[in-house]
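Data block below; observations after.
Model, not experiment: these values are computed from the prediction.
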Amino acid sequence: MNCILLLFTMITNNLFAIELIVQKAEGNVNMISSFHGKKINAKEKSAVLLAVFAAALYSLNSPISKLLLSEVSSAMLAGILYLGAGIGLALVRFIQKQMGAVNREKRLSRSDAPYTAAMVVLDIAAPICLMFGLIMTRAENASLLNNFEIVATSLIAFFIFKEKISRRLFAAILFVTLASVILTVENASSFQFSFGSLFVLLACVCWGFENNCTRKIADKDPLEIVVIKGFGSGFGSLAIAFAVGEHLPKLNYILYGLLLGFAAYGLSIFFYIHAQRILGAAKTSAYYAVSPFIGVFLSLLLFQEMPGVSFWIALSIMALGTYLASTD
């Protein structure tokens, strides 16, 4: 668990440098550069960096949560993770105020209430599903299946919120879906599905809806959004945990969960929202897709278990789908 403490120290020491990238992404910059053979301005390029940084932070979630689940129950851990996000970003806001920083962000209004409420409810359901999934499946499988969030976010953005999907992104969706099916089938001869994988996919669908709800309020203060998510979803998950008879873990595991939540949920969502303002829900989700691959690497490193042939086939197909999505 020392890796969590080291991560927290590194993020805290570099928070202001990261904030400069956020300001650059939000600024009116017209400089043009080339990225994946396409012309994009520096504002978009900074937004891409934020999306990738958000992905790197979130990649810690599956492997480290898998470790914590040996000592902490599912709904309880989900609640602690989101409370870590809420508490951590509330402290960031407090420090900013003490340093005299002026908040120029727009506050949430009454008209944002439906999307905000949906966001909180979905953020209660998604991590609980993920934690149940992690108990019943391998960490690297769960990490890779997180890429199904691209499919869910993009299709919901297309059918409900009328965002455009190019042919390239549609091809990426097909590849990611195929890889997800391969990972979900537990026994190919009888076509039995892994319940753990199905729970992870259900979490991705919840986050797909949540990403699109967040997109509708992405022009508002990201810190305020994450703090509301953190406390709302955190206390909601804890209420469910206590209702089903789960108990608080030892204090050190609570602290580990809070620190992981601050990084993997709090800061990750914060940077994701900034990127989403510029790139949109579907494209931000595509760049965010690097997260599962980092998660797979960390899972293999931590648990040192070699997966079967079907995993590597799915990994190759998923990588192709992710490449198509991120270069769309």
Side-chain angles (χ1 to χ4, degrees), residues 1-12 56-89 91 123-146 194-200 202-204 206-207 229-269 291-292 294-307:
M1 294 303 170
N2 288 335
C3 58
I4 303 178
L5 298 174
L6 178 62
L7 171 76
F8 180 76
T9 305
M10 289 172 60
I11 291 171
T12 304
L57 288 171
Y58 182 71
S59 69
L60 300 166
N61 185 38
S62 289
I64 298 180
S65 290
K66 179 80 171 177
L67 289 174
L68 291 173
L69 282 167
S70 62
E71 301 291 338
V72 188
S73 52
S74 302
M76 184 66 66
L77 181 55
I80 291 170
L81 289 172
Y82 264 108
L83 279 180
I87 294 169
L89 281 242
L91 286 173
D123 273 333
I124 292 172
I128 292 177
C129 289
L130 178 62
M131 296 306 134
F132 276 118
L134 280 168
I135 290 172
M136 294 182 279
T137 192
R138 296 160 68 107
E140 64 273 14
N141 261 41
S143 292
L144 198 56
L145 277 170
N146 271 304
S194 159
F195 280 107
S197 296
L198 289 174
F199 270 109
V200 176
L202 182 57
C204 290
C206 290
W207 271 315
K229 277 190 183 199
F231 285 110
S233 303
F235 283 122
S237 297
L238 286 181
I240 293 172
F242 287 124
V244 298
E246 295 183 5
H247 302 285
L248 283 172
K250 294 178 181 178
L251 180 60
N252 59 323
Y253 289 104
I254 293 175
L255 293 175
Y256 293 145
L258 291 174
L259 289 175
L260 177 61
F262 170 62
Y265 286 77
L267 288 177
S268 178
I269 297 169
S291 174
I294 303 172
V296 166
F297 173 76
L298 290 174
S299 298
L300 294 175
L301 196 66
L302 283 172
F303 299 101
Q304 298 182 353
E305 295 176 346
M306 192 56 63

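Interatomic distance, E71 CD to Y253 OH, rounded to the nearest 0.5 Å: 4.0 Å. With rounding to the nearest 0.5 Å, the separation of CD1 in I135 from OG in S70 is 10.5 Å. Rounded to the nearest 0.5 Å, atoms OH (Y82) and CG (L77) are 12.0 Å apart. Note: D123 CG to C206 SG = 9.0 Å, rounded to the nearest 0.5 Å. Summarising the geometry, atom CG belonging to L145 is positioned 10.0 Å from atom CG belonging to L130; distances are rounded to the nearest 0.5 Å. Going from atom CG of L259 over to atom OH of Y256 covers 9.0 Å, rounded to the nearest 0.5 Å.
Residues S74 and L69 have side chains in contact (heavy-atom distance under 4.5 Å, counting atoms from C-beta outward). Taking 4.5 Å as the limit, every side-chain heavy atom of I87 sits out of range of all side-chain heavy atoms of F262. Residues S62 and N146 have side chains in contact (heavy-atom distance under 4.5 Å, counting atoms from C-beta outward). Looking only at side-chain heavy atoms (C-beta outward), L67 and F303 come within less than 4.5 Å of each other. Within the 4.5 Å cutoff, the side chain of L60 has no heavy atoms near those of the I294 side chain. Contact of the F132 side chain with the V200 side chain is not registered, since no non-hydrogen atoms from C-beta on lie closer than 4.5 Å.
Across all non-hydrogen atoms, the minimal contact from L68 to L260 is CD1-CD2, 4.0 Å. Heavy atoms only, all atoms of each residue included: L300 and E305 are closest at CD2-O, 3.4 Å. In terms of heavy atoms, A263 sits closest to L57 at O-CB, 3.5 Å. Closest approach of A139 and L134 over heavy atoms only: CA-CD2, 4.3 Å. Across every non-hydrogen atom of L202 and C129, the tightest pair is CD2-SG, 3.6 Å. S299 and S143 make their closest contact through OG-OG, 3.5 Å (heavy atoms, listed as atom of the first residue, atom of the second, distance).
Evaluation of the side chain to side chain donor-acceptor pair (under 3.5 Å) rule for N61 yields Y58, S65, Y265 as partners, not counting sequence neighbours.
For K66 (side chain) and T137 (main-chain N/O), a donor-acceptor pair under 3.5 Å exists by modelled atom type.
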Which atom pairs, donor and acceptor, lie under 3.5 Å between side-chain atoms of residues 230-249 and protein residues at least two apart or in another chain?
from, atom 1, to, atom 2, distance (Å)
S233, OG, V120, O, 3.1
S233, OG, K229, O, 3.1
S237, OG, S233, O, 3.0
E246, OE1, S73, OG, 2.7
E246, OE1, A75, N, 3.4
E246, OE1, M76, N, 2.9
H247, NE2, G245, O, 3.4

